[in-house]
Protein chains: 2
Amino acid sequence: MQGQGHDLGEQRESGSARVAQSLAIAIHEHRLSPGMKLSEDEVGEIYGVSRTVVRAALQELAHDRLVELKRNRGAFVAQPSVKEAREVFEARSLLEPRTAKSAAERATPEDIKILQKHIDAEHAALHAGDTGRALHLSGKFHVEIARIADQFTVAEFIAQLVSRSSLIIALYWQRRTALCESHAHDALIKALARHDGAAAEELMQHHLLDLLTSLDLRDQPSVPKSLKEALN
Amino acid sequence: MQGQGHDLGEQRESGSARVAQSLAIAIHEHRLSPGMKLSEDEVGEIYGVSRTVVRAALQELAHDRLVELKRNRGAFVAQPSVKEAREVFEARSLLEPRTAKSAAERATPEDIKILQKHIDAEHAALHAGDTGRALHLSGKFHVEIARIADQFTVAEFIAQLVSRSSLIIALYWQRRTALCESHAHDALIKALARHDGAAAEELMQHHLLDLLTSLDLRDQPSVPKSLKEALN
DNA sequence: TGCGCTAAAATCGTATACAAAGTCGTGAAC
DNA sequence: GTTCACGACTTTGTATACGATTTTAGCGCA
């Protein structure tokens, strides 16, 4: 989300955008756990900026529901409730299957290559034991599909939902096997490559249902830990 | 100065939220036109707050794509492009029909009453010639349906899309008749009242398509507010 | 007259300062 | 020993200050 999207290597980003993105990635990769407090002074110290820009970054993340702002009490990494978790996947099931269908109908060979690179990086991260990074890349795969469909508005929503899903997974994941992801993505990319919209839609719907059912949506919270460690 | 406490009803909200909401409504009601500049000093003067809180409000609106922030140049009421307009309605057509279906299956008599009140107020505003307010209420109708469906996550997305639609209508509306709205909403509420999910889904889909086709999406962003912009 | 350059004014981006609200620990009363 | 209350400390909310960037106006020159 954050930056308008086209400038990834740019250094021109405003301070708050940089901080927000860094924090967002840290959350995606589960280096920041749900419920952890994000003190303005502490975060500002870490990034070498004043509370002003930290506040802007935290507000941005709060808008994406990655952090929760409590009035006069500060910012905390969000802890999505069970109901919110179901809502997020309900929203994804409304948006992503039909977006995947559109993507299948428009995908170019270059698009497929980019997706394949995502998958390869994801596999590599998984193999290297960096499950956090693998999860982050897995999410980007979903957003990339929306981009291929040439639907930036929907892509933004999906990006937000993917971020929140990462938080949900941190809280409610029950299986230790993260393999299902890879296979589902492999099948999806094949359907996209052969412009099989119906199959892509079906595969995406099934993939999301699989993700949802792999969660244990009866339990409750987890544990916070130190801040500086996670952000180094 | 800075009367910290002139309380108009709910003073629970933080200053920035109050300013953001006020500005958002002004945009919904077309009292602020696309492209209009929102100077931080000027807005702060109007609401009696410092630039700090104005900036927070503008950032919030920027996240909802109601205003566009240009680095070192300030905030402007957004001017959605033709492509963005199509994307917004594409996203709505993904989210709203099936949400209407869910709402139909869950709607209680109280829900129907609330919706009816919305419609009545909308009709009243229309009859009073306050088309801006009618548009605003018409939008709230759509959001309320998502609330009835008990999908707050989707409801937030719809709220944002409805806001952006208001901006799009301001730019691309071609018909002078705003009547279609009312009839469509009347039919929808009837389907909801008799728990006819399929009909509600169909009606909503058709309603959105109607809205989209009532726009003139061939022209470029409409009338520039100032001459300089036109010659920019 | 028209164009380009420079300086002044306005506006934004960020840091700092101060006030209000919240948190936590200590101690006295029961 | 437990509970409640009060005060010092911490953290947030907002205002103000200052440097950076952009815009605009004025002036000189072709």
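We name chains A, B, ... by the order of the sequence lines, and we start the count at 1 in each one. Since the model is a prediction, treat every value here as computed from it, not as a measurement.
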Distance test, side-chain N/O of A/Lys37 to OP1/OP2 of D/dT12, below 4.0 Å: yes

Heavy-atom donor-acceptor pair, B/Tyr172 side chain to B/Pro80 backbone, under 3.5 Å: yes

Between C/dA21 (C1') and A/Lys70 (NZ): distance, integer Å: 16 Å

Nearest-nucleotide 5' precedence on DNA chain C, B/Asp41 against A/Val49: B/Asp41

Under 3.5 Å side-chain donor-acceptor pair for A/His28 and A/Arg133: no

Closest-nucleotide 5' rank along DNA chain C - winner of B/Gly74 and A/Arg51: B/Gly74

Options C/dC12, D/dA15, C/dT16, nucleotide nearest the side-chain atoms of A/Ser50: C/dT16

Phosphate-side-chain proximity, A/Arg55 and D/dG13, N/O vs OP1/OP2 below 4.0 Å: yes

Criterion salt bridge (charged side-chain N to carboxylate O under 4.0 Å, His left out) on A/Glu84 and A/Arg65, from CA distance to verdict: CA-CA 10 Å; A/Glu84 185 177 336; A/Arg65 296 277 190 260; 5.3 Å; no

Passing candidate, side chain to side chain contact (heavy atoms under 4.5 Å, CB included) with A/Val54, options A/Val43, A/Ile46, A/Asp41, A/Leu38: A/Val43

Under 3.5 Å donor-acceptor, B/Ser138 side chain and B/Ala134 backbone: no

Side-chain N,O (B/Thr52) to OP1/OP2 (D/dT14) below 4.0 Å: no

A/Arg164 versus A/Gln160, side-chain donor and acceptor atoms under 3.5 Å: yes

Just the atom pairs and distances: protein N or O near nucleotides 22-24 of chain C's N or O, under 3.5 Å.
from: C/dT23; atom 1: OP1; to: A/Arg73; atom 2: NE; distance (Å): 2.6

Integer-rounded Å distance: C/dG13 C1' and B/Glu40 CD: 9 Å

